[in-house]
Amino acid sequence: MSVRTRFAPSPTGYLHIGGVRTALYSWLHARRQGGRFVLRIEDTDLERSTPEATAAILEGMAWLGLDWDEGPFYQTQRMDRYREVLAQMLAAGTAYYCYCSREEVDAMREEQRTRGEKPRYDGRCRTRSTARAGVAPVIRFRSPDTGETVVEDLIHGRVSFQNSELDDLIIARSDGTPTYNFCVVVDDWDMGITHVIRGDDHLNNTPRQMQILQALGAHVPVYAHVPMILGPDKQKLSKRHGAVSVLEYREQGFLPDALLNFLIRLGWSHGDEEIFSREQMIEFFQIDTVNKAASAFNPEKLLWINAQHMQRLSPEGLAQHLRPYLDAQGITEASLAQGPDLSAVVALLQERAKTLVEMAEAARMFYLAPVTGEVKDVEKHLHGQGALLESLLQHLEVLPVWTAAAIHSAIQELAVSHADGKMGKVAQPLRVAVAGRAVSPPIDGTLALLGKDETLARIRHARSWLAGG
């Protein structure tokens, strides 16, 4: 049987990293096995589901490159199918109408608690043959009373549930709408899902879903319940830890492959390796080697992994990822056309930048000349350095070739004569003059890329605003 996995988010909020990791594991298992990956939108919660959340899920999956082979399927478009299966189960006696009111069920459970029993529905409507006037019934699944239901989980191992502890689950509400556990079962059955990979908060739902599948005579898939992702403090992941929309990571300048690399390592390993290409993830990943313990989110590790992926891309490839972030810096196509080659700028910045946002901010100086310098940097490095700027102009104007090596020699020569041989005392004022701030790539490579005319023009401009005119 060909492997078929699915990712089934609810569009009641953003797609966060916990959901993305589940989607990644499902996608990788299907890709490694040559199977199919199905996307299903579980939108039966009409009050909380929104079109905006659905659009964000699809956009997030597309940005990450987690392409689906079938779907997206929407549960709200499958209501006729759910009603059809409910009717089949009622006819077969594996489901029944329950006319108990909420008050009756609450009283039943309170009596059970008083007797020291586990509160549960006692099945009193199982044998009812007539309707109850004025009461809209729910539909309950007739759960087995004896024996056990065993989940052979690929991550958690053998997990046994006593059937006597599982009461008759409501599978359709009094208004006729099917419940979550029932819809999931019918969907997995109809879509031929062979492997259900999902968060371990669903593990307690699994025996009930297995029982319904068995009652339908359907194939029971293999289950793998993925542990939670915790915050750095080992508490439940929250927004302050990183439980934000996956699209916010795009806004922050993370590469999609780097984010996936980070997430795959939260609970899975392949020797001591840390950095994986997408192809390597598909080759090495095995769902049954995922750790059953929860993993902690580490934002510093994510930044490091992103930097590693940025360094391993070609400058040309990284430049393509960078372009949207340049737009945010006000760098237009016209600016790019008038400045140095973008791939050359990327190559200069590639070793130090941790995010695309950081790289775009650093690239800004190559395409937009500073009007003035940052006040604190001017005060610290450039104030009172008019004579140094004049000497820099004199040394740089006469360079016969404009290369990083020639520029380095000129700065070094000036440092010997004006700054006791300390390169920083020349390089930092020069950096503030041409970049507007005290942080830039190596100054010789920076000036080489800027070009001679632009460099000299910026030094003259800095001399002018430093003198107050």
Side-chain angles (χ1 to χ4, degrees), residues 315 322 326 329-353 358-469:
L322 186 65
L326 296 175
Q329 292 292 323
I331 301 171
T332 64
E333 288 297 324
S335 301
L336 289 172
Q338 293 170 7
D341 178 69
L342 181 57
S343 296
V345 172
V346 167
L348 186 65
L349 302 173
Q350 206 163 359
E351 187 176 341
R352 297 186 180 188
E358 188 179 308
M359 179 175 279
E361 290 173 348
R364 193 174 191 274
M365 63 156 291
F366 290 97
Y367 302 99
L368 300 172
V371 175
T372 184
E374 293 185 7
V375 174
K376 62 179 179 60
D377 291 337
V378 171
E379 288 293 327
K380 182 176 180 179
H381 299 291
L382 201 52
H383 186 71
Q385 296 285 4
L388 176 63
L389 292 184
E390 288 292 345
S391 296
L392 277 165
L393 283 170
Q394 293 171 13
H395 277 71
L396 296 174
E397 281 175 338
V398 298
L399 285 182
V401 291
W402 193 256
T403 63
I407 294 166
H408 183 87
S409 295
I411 296 173
Q412 194 170 43
E413 181 181 325
L414 197 59
V416 170
S417 61
H418 285 71
D420 302 323
K422 296 179 179 178
M423 287 279 287
K425 288 189 174 183
V426 176
Q428 285 301 83
L430 176 56
R431 189 172 271 117
V432 176
V434 298
R437 57 181 187 168
V439 178
S440 80
I443 192 64
D444 48 6
T446 297
L447 300 191
L449 268 183
L450 273 177
K452 186 173 185 177
D453 291 345
E454 180 66 17
T455 297
L456 297 177
R458 290 191 186 189
I459 295 173
R460 293 187 186 105
H461 179 68
R463 181 184 59 183
S464 175
W465 52 254
L466 193 61

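Scanning all heavy atoms of the two residues, the minimum distance from Ala415 to Val426 falls at CA-CG2, 3.7 Å. Between Ile407 and Asp444, the shortest heavy-atom distance links the atoms CD1-O, 3.8 Å. The heavy-atom pair separating Ala362 from Leu349 by the smallest distance is CB-CD2, 3.8 Å. The two residues Ala448 and Thr403 make their nearest non-hydrogen contact at CB-C, 4.2 Å. In this structure, Thr455 and Leu447 approach most closely via the heavy-atom pair OG1-O, 3.6 Å. Of all the heavy atoms in Leu399 and Ala410, the pair that sits closest is CD2-CB, 4.1 Å.
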Might you work through the side-chain contact (heavy atoms from CB on, under 4.5 Å) test for Phe366 and Leu348, ending with a clear yes or no? CA-CA 11 Å; Phe366 290 97; Leu348 186 65; 3.7 Å; yes
Test side-chain contact (heavy atoms from CB on, under 4.5 Å) on Ile411 and Met423 and set out the steps. CA-CA 7 Å; Ile411 296 173; Met423 287 279 287; 3.9 Å; yes
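The structure places CG of Asp377 at 9.5 Å from CG of Leu382, a figure rounded to the nearest 0.5 Å. Atom OG of residue Ser417 and atom NE2 of residue His395 lie 5.0 Å apart, to the nearest 0.5 angstrom. The line from OH of Tyr367 to CD1 of Ile331 is 7.5 Å long, rounded to the nearest 0.5 Å.
Looking at heavy atoms from C-beta onward, Thr446 lies out of side-chain contact with Arg431 at the 4.5 angstrom threshold. The shortest side-chain heavy-atom distance between Val345 and Leu322 does not fall under the 4.5 Å cut-off. A heavy-atom distance below 4.5 Å is found between the side chains of Lys452 and Leu456. Side chains of Met365 and Ser440 form a contact here, defined as non-hydrogen atoms less than 4.5 Å apart. The side-chain heavy atoms of Arg352 and Pro442, taken from C-beta on, include a pair separated by under 4.5 Å. Considering only heavy atoms from C-beta on, Leu389 stays 4.5 Å or farther from Leu430 through its side chain. Annotation: side chain of Val346 is in contact with side chain of Met359 (closest heavy-atom distance under 4.5 Å).
For Gln329, the side-chain hydrogen bond (donor to acceptor under 3.5 Å, both in side chains) test picks out no residue, with sequence neighbours left out.
For the pair His461 (side chain) and Val371 (backbone), a donor-acceptor distance under 3.5 Å is present. The backbone N or O of Val416 lies less than 3.5 Å from no partner atom in the side chain of Lys422, so there is not a single donor-acceptor pair.
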N/O donor-acceptor pairs under 3.5 Å from side chains in residues 334-343, not counting sequence neighbours:
unit_1 : atom_1 : unit_2 : atom_2 : d
Ser335 : OG     : Thr332 : OG1    : 3.1
Asp341 : OD2    : Ser343 : N      : 3.2
Asp341 : OD2    : Ala344 : N      : 3.2

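Classification of Glu397 and Arg460 as a salt-bridged pair holds, one side-chain N sitting under 4.0 Å from a carboxylate O.
Screening residues 380-392 for side-chain hydrogen bond (donor to acceptor under 3.5 Å, both in side chains) gives Glu390-Arg463, Ser391-His418 as the qualifying pairs, with residues at least two apart or on separate chains.
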